[in-house]
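Each remark here refers to the structure printed beneath this line.
Please read these numbers as outputs of a predicted model, since none were measured by experiment.
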Amino acid sequence: MLEDMNELMLQRREKLSQLREERKKAFAEKYEVTHHAAEVENNFEELEEKEVKLAGRLMAIRTHGKASFADLMDMTGKVQLYVKQNNIGEERYEFFQDLDLGDLVGITGTVFKTNRGQVSIRVSSFELLTKSLRPLPEKFHGLKDKDIRYRQRYLDLIVNPDVKETFVIRSKIIKEMRRYLEEKGFLEVETPMMHPIAGGATARPFVTHHNTLDMDLYLRIAPELYLKKLIVGGFEKVFEINRNFRNEGMSYKHNPEFTTMELYQAQADYHDMMELTENLVSHLAAEVLGTDTLEYEGTELDFTTPWTRITMVEAVKKYADVDFSEFDTAEEAYEAAASVGVKPEEGLSYGEVLNEVFEERVEDKLIQPTFIMDYPIEVSPLAQKIEDDPRFTYRFEAFVYGREIANAFSELNDPEEQKRRFEKQVEMREAGDEEAQMMDYDFIRALEYGMPPTGGLGIGIDRLIMLLTDSSSIRDVILFPTMRPESNE
RNA sequence: GGGCCAUUAGCUCAGUUGGCAGAGCACCUGACUUUUAAUCAGGUUGUCGGAGGUUCGAAUCCUCCAUGGCUCACCA
């Protein structure tokens, strides 16, 4: 399993046993720091000639005979060390020369500026905190191999500072989302990750097994049904930020486990959810990035509210130039699809064909934030239907840069209707659609007790963060994306 | 799963029509007490992803395999 040791690794191990022979510590237990690199850099006037203690990783050493410069990197960035034999003594200086790039050290010294004006720390003493036994990737070109970057994310974080920044922003966005929702009276809850029935979305689940109960359980594909049970139970505003798992393809915008925020609000409808969505997202951009217009892959995206609102039928008419409002049979829908070059598979309904045309001809044109409203009932088994036009539901999805980032609806709260919708899904499942939903009597029972009118919203956190951090792949916003196991050759 | 591309030193990469396997960084030795991709002098580092084949001769051409990337299909 361990790859062969190369010469550099052998050298470092040699140094380690040398240290042990000399009874020098190579793996320390604790080091008390007073400052971080960025503080020293940013508060130079205040700290000039003051003593500071820092700890971090040696990223570069530039030796000039009896004095050396080194770059120490901690969580906040890099600071230059100035290590002079006169200041620390011959024996310690030699020890310092013997350190390797990547070693973790703790240093004490005074802050000063070099002749070139570089804020630095004149080291008066240092300790090796942890010996690094593997060489770091080359400093100038860095680490580019995506496979290694994702598999050994710690290396990516060490040598590519932007990566660290992306994940700091991710954390800030989620933190601010929580704060924003809590301020609006939403309660954060946790619902099961293991479900006896995989519900709340159309997707293929992962299956696992509980030994004591001797039963299969599904990793959840969505928390939706449990959250709605909480609305039945009387919580009026709840949200959950957590992982979903879908046993489907992987791509630049799909990872088998991904994070969503789902929220449910009693007495609200999908118009309220639209307002909440646009306000939340533009707030996050403004709060975390300081602007609500930002650049994504060279395109300016303007999150300023209100976002464009357009029904699916109107959007298809606008972008694909076919008017689905003029007919309502599957045959006519297939004809219309064919007229714009879309060929859906056989046996679909009016609504499914419309949805197909939308996905094929419209989605990727929705660059600026746009709400697509009124989804076909066949593809929306959990949404309330529109009274005046039961082909459609009070459901919208939000698109940015051609990608779905939110999905919401006025929740279906009629238990009999819900049961019929499930039955329809079961039929589709039996007809071979592995993604169709399963019957969930437990959920129907909950609805029978009465669920208030409810607006529900789901936001794909990873995709939102891709947009806000200008990341082109979902793997760039997930610390440890799902990977095939490393081969042993 | 299909298509395209890639795999050469620890890292980033060159390698011409098939003719002794290279550079920079890293590493080792030496010089250098304000450098910052430090500099200067010298040195070490390879199963050229693997297995076959063609050839006097293969990193280079052919076949198969492995791993990865991009892309299409499915999906959020």
Regarding the side chain of A:T63, the nearest nucleotide among B:rU35, B:rC32, B:rC27 is B:rC32

Which nucleotide in the set B:rA76, B:rC28, B:rC11 lies at the smallest distance from any side-chain heavy atom of A:Q11? B:rC28

In this structure, how many angstroms lie between the P atom of B:rU12 and the CG atom of A:L101, rounded? 16 Å

With sugar-phosphate meaning primed atoms plus P, OP1 and OP2, does A:E404 contact a base, only sugar-phosphate, or nothing at under 4.0 Å between heavy atoms? sugar-phosphate

Whole Å only: how far is the CZ atom of A:R57 from the P atom of B:rA26? 18 Å

Watson-Crick or G-U wobble mate for B:rU16, both contacts under 3.5 Å: none

Give A:K113 one of three labels, base, sugar-phosphate or nothing, depending on what nucleic acid heavy atoms sit under 4.0 Å from its own. nothing

Among the nucleotides B:rG68, B:rU36, B:rC32, whichever has the atom closest to the side chain of A:H64 is B:rC32

Answer with base, sugar-phosphate or nothing: what part of the nucleic acid does A:N255 contact at a heavy-atom distance below 4.0 Å? base

Considering only atom C1', compute the distance from B:rC13 to B:rU8 and round it to an integer number of Å. 9 Å

Within 45° of the axis and under 6.0 Å from the centre of the six-membered ring of A:Y375, does NZ or CZ of A:R395 qualify? yes

Looking across every strand, which nucleic acid part, if any, lies under 4.0 Å from A:R12 by heavy atom: base, sugar-phosphate, or nothing? nothing

Testing B:rU34, B:rG69, B:rC11 for proximity to the side chain of A:R475, the answer is B:rG69

Could you tell me the separation between the CD1 atom of A:I61 and the C1' atom of B:rU33, rounded to a whole number of Å? 16 Å

Tell me which nucleotide, if any, is Watson-Crick or G-U wobble paired with B:rA21 when both distances must be under 3.5 Å. none

Mind checking who B:rU39 pairs with, Watson-Crick or G-U wobble, both distances under 3.5 Å? B:rA31

How far, in whole Å, is B:rU7 from B:rU29 if one measures between their P atoms? 34 Å

Rounding to an integer number of angstrom, what distance separates B:rC25 and B:rG42 when you compare their P atoms? 13 Å

If you measure from the C1' atom in B:rU35 to the same atom in B:rA14, how many Å do you get, rounded? 31 Å

Classify the angle between the aromatic ring planes of A:F112 and A:Y82 as parallel (below 30°), tilted (30 to 60°) or perpendicular (above 60°). tilted

What does A:E435 touch in the nucleic acid at a heavy-atom separation under 4.0 angstrom: a base, only the sugar-phosphate, or nothing? sugar-phosphate

Taking atom C1' in both B:rU33 and B:rA38, what distance in whole Å separates the two? 14 Å

Choose from B:rC27, B:rU33, B:rU35 the nucleotide whose nearest atom is closest to any side-chain atom of A:K66. B:rU33

Please check the phosphate of B:rA76 (OP1 and OP2 only) for any side-chain N or O of A:T202 closer than 4.0 Å. yes

Residue mapping more 5' on RNA chain B - nearest nucleotide basis, A:L136 or A:S120: A:L136

For A:F126, is the NZ or CZ atom of A:R92 found under 6.0 angstrom from the centre of its six-membered ring and inside 45 degrees of the ring axis? yes

Specify the separation, in whole Å, of atom CG of A:D364 and atom P of B:rA76. 16 Å

Evaluate the side-chain proximity of A:V281 to A:L467: yes if any heavy-atom separation is below 4.5 Å, no if none is. no

Taking CZ from A:R243 and P from B:rA76, how many angstroms apart are they, rounded to a whole number? 19 Å

Return the nucleotide paired to B:rG49: Watson-Crick means purine N1 to pyrimidine N3 with N6-O4 or O6-N4, wobble means G-U with N1-O2 and O6-N3, both under 3.5 Å. B:rC65

For nucleotides B:rC62 and B:rC4, find the distance between their P atoms and express it as a whole number of Å. 14 Å

Between A:K24 and A:E91, is a salt bridge (Lys or Arg N to Asp or Glu O under 4.0 Å) present by the stated rule, with each step listed? CA-CA 13 Å; A:K24 282 179 175 156; A:E91 191 270 334; 3.3 Å; yes

Residue-phosphate contact under 4.0 Å: A:K15 side-chain N/O, B:rC28 OP1/OP2: yes

Please pick, from B:rU71, B:rU33, B:rA76, the nucleotide with the shortest atom-to-atom distance to any side-chain atom of A:K84. B:rU33

Stacking of A:F258 on B:rA76 base (centres under 5.5 Å, planes under 30°): yes

Please state whether the phosphate of B:rA37, meaning OP1 or OP2, lies under 4.0 angstrom from any side-chain nitrogen or oxygen of A:R62. no

Atom CD of A:E90: over 12 foreign heavy atoms under 6.0 Å: no

Any donor-acceptor pair, under 3.5 Å, between the side chain of A:D71 and the base of B:rU36, if you only look at N and O atoms? no

Rounded to the nearest Å, what distance is computed from the CG atom of residue A:D103 to the C1' atom of nucleotide B:rA26? 14 Å

Side-chain contact test, heavy atoms from C-beta onward, threshold under 4.5 Å: evaluate it for A:W307 versus A:Q368 and give yes or no. no

Can you tell me whether the side chain of A:Q118 and the base of B:rU36 have a donor-acceptor pair closer than 3.5 Å? yes

How would you label the contact of A:R463 with the nucleic acid (heavy atoms, under 4.0 Å): base, sugar-phosphate, or nothing? base

Please determine, for B:rA9, whether a Watson-Crick or G-U wobble partner exists with both distances under 3.5 Å, and give it or none. none

5'-most by nearest nucleotide on RNA chain B - A:D98 or A:P137: A:P137

Rounded interatomic separation in angstrom, taking CD from A:Q97 and C1' from B:rU33: 11 Å

To the closest 0.5 Å, what do you measure between CZ (A:R122) and NZ (A:K84)? 7.0 Å

Which nucleotide in the list B:rA76, B:rU36, B:rU33 gets nearest to the side chain of A:E248? B:rA76

Counting any heavy atom closer than 4.0 Å, what does A:Y93 reach on the DNA or RNA strands: base, sugar-phosphate only, or nothing? nothing

With rounding to the closest Å, how many angstrom separate the P atoms on B:rG15 and B:rC20? 16 Å

So which nucleotide from B:rC28, B:rC32, B:rU36 ends up closest to the side chain of A:D100? B:rC28

Between A:Y296 (side chain only) and A:S471 (backbone N and O only), is there a donor and an acceptor less than 3.5 Å apart? yes

What about A:Q80: does its side chain form a donor-acceptor pair under 3.5 Å with the base of B:rU35? yes

What is the distance from CZ of A:R116 to C1' of B:rU39, rounded to the nearest Å? 12 Å

For nucleotides B:rC48 and B:rA6, find the distance between their C1' atoms and express it as a whole number of Å. 14 Å

